[in-house]
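Counting starts at 1 for both ligands and their atoms, in listed order.
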Amino acid sequence: MAFTLPPLPYGYDSLEPTIDAQTMTLHHTKHHQAYVDKLNEGVGEEGLDGQSLEQILANISGRSKKVRNNGGGHWNHSFFWETMAPGGVQPSGRIAEAIDAKFGSLDAFKTKFNEAGVGQFGSGWVWLIVGSDGELAITSTPAQDNPLMDDAPVKGTPILGNDVWEHAYYLKYNNRRPEYLAAWWNVVNWEIVGQRYAAAAG
Ligand code: MN3
């Protein structure tokens, strides 16, 4: 079964004005589609048919750059689209309590997360993960790497992630990555982040 591009769970213009429709369209139909296509090529070349994407990522240290970059690209973007919703949803319940307990407040968490996103040199991702100890942690990864990869310096289960590649923000924010990171919270769907937290933290 070849990997396929998942449909966006909302319209291309639904995250306006935080993320413009042209960026969303290019990001989904061109960038993400290209990761899917090249991942399928790599899966064929390396005989990985039948493996789930999670299985592939958990053994990525033994794979080619092609499978690594495009497998990560497919997983990261599928996760990213689901992390957002038109108008956003505010945190509540267990995830809100866990954020307060770990970071002091939601605003303090956002500041730390944004700093990690600004600090990721070049293209990459910034993540909120649940570690093997059940604790929340912020980490960032280069290129299309993620904390599910067996050779990630900080491993864990991502529950929130933002794409800091220029293709995610350049048309609207130009080189102003901090402005994009600050605005992005307007479209974060904390309901799904809370569901992921419950699943990962037990
Ligand atoms: Mn991207």
Exercise for review: Write the atom name of the N, O or S atom in Asp163 that is nearest the Mn ion (ligand 1).
Suggested key: OD2
Review point. Closer than 2.8 Å to the Mn ion (ligand 1), do we get an N, O or S atom from His31, backbone or side chain?
Key: no
Practice item. Assess the pair Phe113 and Trp185: is the distance between their ring centroids shorter than 6.0 Å? Key: yes
Review point. Does the side chain of Asp163 come within less than 4.5 Å of Asn76's, by heavy atoms?
Key: no
Exercise for review: Rounded to the nearest 0.5 Å, what's the gap from CG on Leu57 to CD on Gln51? Could you check?
Suggested key: 10.0 Å
Check your understanding: Does Trp81 have its ring centroid less than 6.0 Å away from the ring centroid of His27?
Key -> yes
Review point. Rounded to 10 degrees, what angle sits at the Mn ion (ligand 1) between His167 NE2 and His27 NE2?
Key: 100°
